[in-house]
Amino acid sequence: MRAPAKDGPAPASRPEPARLLRVALPLGLFALVVLGWERWVVAYEVPHYILPAPSRIMETMIADWPVLWASLLQTLKTTFLGLALAVAGGVGLAVLLSLSRLVEYSLYPYAVVLQVTPVVAISPLLLIYMPQEAAVLTCAWIVAFFPILSNTTLGLQSVDRNLLELFDLYGATKPRWAPPWLGRFLSRVKALWYLRRPAALPYFLAGLKIAGGLALIGAVVAEIAAGSAGAGSGLAYRILESQFRLNIPRLFAALALLSLTGVVIFLTLSAVSHLLLRRWHESAIAEER
């Protein structure tokens with residue numbers, strides 16, 4: 001015998017047309033722009049050393065792929081290493097700032113100074129005092145560090161005060177056996193783990209999405225500075241090299257690879273953020289309705 005059907009409305013799902021439009025509209029607009037670009041260059045016979053057609057850029061990318069791929073790998077290595085250092089340093093310092101007001105008052109202003117100083121002005125100095133790879137990596141770290149630090153600090157400080165007072169009220173964070181100073185420290189550590197950590201996760205992931213693109217920008221700026229000094233092997237260096245040699249199709253091909261890399265980094269970090277938040281945070285749950 002068949003089991004009786006359960007009454008009640010079916011679970012709501014996201015409309016498929018809306019999901020398709022989010023993908024089809026940007027792709028359609030991009031196709032129109034590329035088609036118009038191709039037709040305009042062919043119709044007016046624009047020289048390729050002034051503005052190459054998209055078809056010629058694609059041919060150049062395929063022909064020069066070994067050189068471009070090796071340079072892209074070098075840029076990606078710098079980007080992800082700088083992002084990893086920014087995550088470790090930003091999260092670690094944010095935790096210290098949340099545990100101690102003295103540390104916050106002492107170090108946070110210097111983090112702000114580091115952020116507001118243009119990296120394009122710092123990179124030539126770093127190339128003087130540091131090896132090339134270390135200088136490029138430092139530039140990527142500098143621009144990616146502050147979004148992680150500021151967003152994580154904001155998240156750690158955004159816990160509901162009522163929950164913190166409830167922890168203290170029931171003695172959940174202060175062990176009775178510990179001395180007063182140790183009890184206060186353990187109280188802050190427990191509140192950090194059980195209350196502040198979940199509250200800070202959405203802020204940290206938002207900062208991570210910003211820092212991913214900024215790490216790529218910092219790596220490119222440093223590679224351009226290194227290339228101007230006569231050294232370099234990243235994708236930005238290939239752009240400078242193509243400019244000096246008037247190889248404009250290769251310049252556009254390298255620029256297209258950089259743009260595509262930035263988009264892939266952002267989409268990947270957005271997917272990670274959605275996977276971590278989709279079961280409990282409103283910003284991700286709303287997308288499933």
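- Sorted by first and then second residue, the ring-ring contact (aromatic ring centres under 6.0 Å, His included) pairs with a member in residues 76-127 form an empty list; sequence neighbours excluded.
- In summary, of the residues considered (Leu240, Ile239, Leu246), a side-chain contact (heavy atoms from CB on, under 4.5 Å) with Leu251 occurs for Ile239 alone.
- In this structure, Asp64 and Arg250 approach most closely via the heavy-atom pair OD2-NE, 3.1 Å.
- Rounding to the nearest 0.5 Å places OG1 of Thr138 at 11.5 Å from CD of Glu133.
- The CD1 atom of Ile142 sits 10.0 Å away from the CG atom of Leu137 when rounded to the nearest 0.5 Å.
- Lys77 NZ to Leu81 CG: the interatomic distance, rounded to the nearest 0.5 Å, is 7.0 Å.
- No donor-acceptor distance shorter than 3.5 angstrom exists from the side chain of Arg196 to the backbone of Leu192, with no hydrogens or angles considered.
- For Gln157, the CD atom counts as densely surrounded, since its 6.0 Å shell holds more than 12 non-hydrogen atoms of other residues, nucleotides or ligands.
- Listed here is the closest heavy atom pair of Gln115 and Phe146: OE1-CB, 3.0 Å.
- Among the candidates Asn151, Val91, Leu154, the single residue satisfying the side-chain contact (heavy atoms from CB on, under 4.5 Å) test with Phe204 is Val91.
- Of all heavy-atom pairs between Ala140 and Gly82, the closest is CB-CA, 4.2 Å.
- Judged as a side chain to side chain contact (heavy atoms under 4.5 Å, CB included), and not counting sequence neighbours, the contacts of Ile210 are Pro147, Leu214.
- With a 4.5 Å cut-off on side-chain heavy atoms, Thr60 and Phe252 do not count as touching.
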Query - Verdict with supporting geometry, Thr79 and Thr261, side-chain contact (heavy atoms from CB on, under 4.5 Å) - result: CA-CA 10 Å; Thr79 299; Thr261 301; over 6 Å; no
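- Heavy-atom neighbours of Met58 CE from other residues, nucleotides or ligands within 6.0 Å: at or below the threshold of 12.
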Report task. Check the pair Tyr44, Leu51 against side-chain contact (heavy atoms from CB on, under 4.5 Å), reporting the backbone distance first and the verdict last. Result -> CA-CA 11 Å; Tyr44 290 92; Leu51 181 64; over 6 Å; no
Query raised in the report: Could you walk me through whether Glu59 and Arg56 pass the salt bridge (charged side-chain N to carboxylate O under 4.0 Å, His left out) check?
Result: CA-CA 5 Å; Glu59 293 172 0; Arg56 190 179 185 94; 5.4 Å; no
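- Annotation for Ser158 and Tyr203: closest pair OG-CE1, 3.5 Å, computed over non-hydrogen atoms.
- Using a 30° and 60° split on the angle between ring planes, Trp141 and Phe145 fall in the tilted class, from 30° to 60°.
- Within the 3.5 Å criterion, the main-chain N or O of Leu235 finds a donor-acceptor partner in the side chain of Thr75.
- Taking both residues in full, the closest heavy atoms of Gly212 and Leu83 are given as N-CD1, 3.9 Å, listed atom of the first, atom of the second, then distance.
- Applying the side-chain contact (heavy atoms from CB on, under 4.5 Å) test between Ile122 and each of Thr117, Val143, Val221 identifies Thr117 as the sole match.
- Across all their heavy atoms, Ser71 and Arg238 have their closest contact at OG-NE, 2.8 Å.
- Taking the side chain as every heavy atom from C-beta outward, Val120 and Ile224 never approach each other to under 4.5 Å.
- By the criterion of side-chain heavy atoms lying less than 4.5 angstrom apart, applied directly or through intervening Ile, Leu, Val, Met, Phe, Trp or Tyr residues, Trp40 is not grouped with Val42; the two fall into different hydrophobic clusters.
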Donor-acceptor contacts under 3.5 Å from residues 25-34 side chains, at least two apart:
none

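- For the pair Ser273 (side chain) and Ser270 (backbone), a donor-acceptor distance under 3.5 Å is absent.
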